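Below you'll find the structure, written out as structure tokens, and then a few comments.
Order of the sequence lines fixes the chain letters, A, B, ..., with proteins taken first and strands second; residue numbering starts at 1 for each chain. Worth knowing before you read on, the calculation uses all heavy atoms, side chains too, and leaves out hydrogens, waters and symmetry mates. Values in this document were obtained by computation on a predicted structure and should not be read as measured data.
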Amino acid sequence: MPELPEVETIRRDLEPRITGRAITGFDVLPGAERLLRGVPQRAIRKRLLGAQISGIGRHGKYLLIELNGHHDAGGPTLVVHLRMTGSLRHRRADAPDDRFLRARIPLDDGTELRFTDVRKFGTFDLVDDPAEATAKLGPDATDPAFSADAFWTGLRGRRAPIKSMLLDQRIVAGIGNIYADEALFLAHLHPEAPSGSLRPKERADLHAAIGRVLADGIKNRGASFRDYTDADGAAGNQQYFVRVFRRTDEPCDDCGATIRRSVVGGRASHWCPRCQPLRQRSRTVTSKRP
DNA sequence: CGTTACCTGAAA
DNA sequence: TTTCAGGTAACG
């Protein structure tokens with residue numbers, strides 16, 4: 001469910017509310033043990049109890065809850081991934097249980113973090129250094145290190161559809177199915193355009209479009225098509241502003257052509273056949289140099 | 001590289 | 001009843 005803008009909305013909401021708080025409990029509800037990916041709950045609980053939250057970061061779609069001054073100060077980091085339907089809420093401890101509650105982390109001020117997740121795909125990892133969790137990821141899509149040049153380094157020589165590369169977290173971290181389709185629309189690129197065939201202007205446009213759609217998503221507090229909610233359980237608004245995502249058979253805002261849907265790289269994709277034509281590109285595919 | 005599995009509920 | 005889902009890891 002949540003992509004970079006949704007995770008960032010939760011991060012920004014939580015940061016001022018939980019920074020400085022100490023953890024007073026940790027409970028995974030029966031049937032949700034997979035959340036810890038085989039690590040015994042007692043092992044996590046032992047390290048969490050009494051730890052103080054010193055900050056909350058993010059890399060791509062991963063939330064990084066930093067404990068005891070972060071890893072330079074010897075504290076571990078709780079790495080949370082919400083996958084498809086996970087949600088991290090901040091509630092008063094006496095508030096009624098949220099639906100699909102899977103874990104709770106009581107804090108020392110009478111509140112608690114609550115992890116809810118319909119499909120139980122979400123994960124918690126407690127690591128000594130957050131780099132352990134993010135080592136395989138490309139640069140965060142909002143990091144200045146993710147430059148147009150860095151983007152092209154990941155794309156050049158690849159024949160895979162550009163849509164698949166946008167979803168590949170090793171190239172750039174944080175883009176998911178909604179924002180991939182939206183960025184391709186803004187950049188006037190067909191989702192199946194071969195990645196390595198993008199001309200300089202096309203990749204500059206796509207890089208800029210990624211920045212715009214993510215900033216827009218954050219401004220609108222994320223897209224709630226189905227399950228996504230912020231840390232208070234409230235829906236975002238970005239679903240009202242999408243240009244193509246899940247708008248199959250509707251007219252394009254820009255040209256009136258009928259928006260189409262197809263499967264690219266195993267994921268539903270939505271695009272405007274007139275604004276995002278698939279031109280001939282085979283001659284312009286650059287080969288990767290050794 | 002594309003396909004399948006992981007889970008559950010909502011919508012068609 | 002069937003299909004589909006904001007994601008990723010493990011397949012072949």
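Residues from residues 230-240 of chain A lying near DNA chain C, meaning a heavy-atom separation below 4.0 Å, are absent.
Spacing of P atoms, B:dT3 relative to C:dC4, comes out at 15 Å, to the nearest Å. Between B:dT4 and C:dT3, the distance separating the two P atoms is 14 Å to the nearest Å. Taking atom P in both C:dC11 and B:dC7, the straight-line distance is 15 Å, to the nearest Å. Between the P atoms of B:dA12 and C:dG6, the separation comes to 15 Å (whole Å).
Here A:Phe241 pairs with A:Asn220, A:Asn237, A:Gln238 under the side chain to side chain contact (heavy atoms under 4.5 Å, CB included) rule; sequence neighbours left out. When the salt bridge (Lys or Arg N to Asp or Glu O under 4.0 Å) test is applied to A:Asp249, no partner is found at least two apart in sequence or on another chain. Residues forming a side-chain hydrogen bond (donor to acceptor under 3.5 Å, both in side chains) with A:Asp253 (at least two apart in sequence, or on another chain): A:Arg243, A:Arg247. The side-chain hydrogen bond (donor to acceptor under 3.5 Å, both in side chains) check on A:Ser224 picks up nothing, with sequence neighbours excluded. The side-chain hydrogen bond (donor to acceptor under 3.5 Å, both in side chains) test applied to A:Asp140 returns A:Arg58, A:Thr142, not counting sequence neighbours. For A:Lys136, the salt bridge (Lys or Arg N to Asp or Glu O under 4.0 Å) criterion is met by no residue, not counting sequence neighbours. Annotation: salt bridge (Lys or Arg N to Asp or Glu O under 4.0 Å) contacts of A:Arg42 (sequence neighbours excluded): none. Taking the salt bridge (Lys or Arg N to Asp or Glu O under 4.0 Å) definition, one finds that A:Arg11 meets it with A:Glu8, A:Glu15, sequence neighbours left out.
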Original post:
Under a 3.5 Å cutoff on both atom distances, Watson-Crick or G-U, what's the dot-bracket for DNA chain C ([ ] crossing, | other strand)?
Top reply: |||||.||||||

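Between A:Arg221 and A:Asp13 there is a salt bridge, with a side-chain nitrogen of the basic residue lying less than 4.0 Å from a carboxylate oxygen of the acidic one. Looking at A:Arg104 and A:Asp97, a side-chain N of the basic residue comes within less than 4.0 Å of a carboxylate O on the acidic one, giving a salt bridge.
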Let me check something: any side-chain donor-acceptor pairs from residues 259-269 of chain A under 3.5 Å, sequence neighbours excluded? List them with distances.
{"from": "A:Ser269", "atom 1": "OG", "to": "A:Lys163", "atom 2": "NZ", "distance (Å)": "2.7"}
{"from": "A:Ser269", "atom 1": "OG", "to": "A:Arg267", "atom 2": "O", "distance (Å)": "3.2"}

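For A:Asp117 and B:dT8, the CG to P distance is 10 Å, given to the nearest whole Å.
Annotated as syn: C:dG6, whose glycosidic dihedral is within 90° of 0.
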Subject >> Protein-to-nucleotide contact annotation, 5' to 3' order, nucleotides 3-12 of chain C [B base; S sugar-phosphate only; - none; under 4.0 Å, heavy atom] >> reply: -SBBBBS---

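Residue A:Arg34 places no side-chain N or O under 4.0 Å from the OP1 or OP2 atom of B:dC6.
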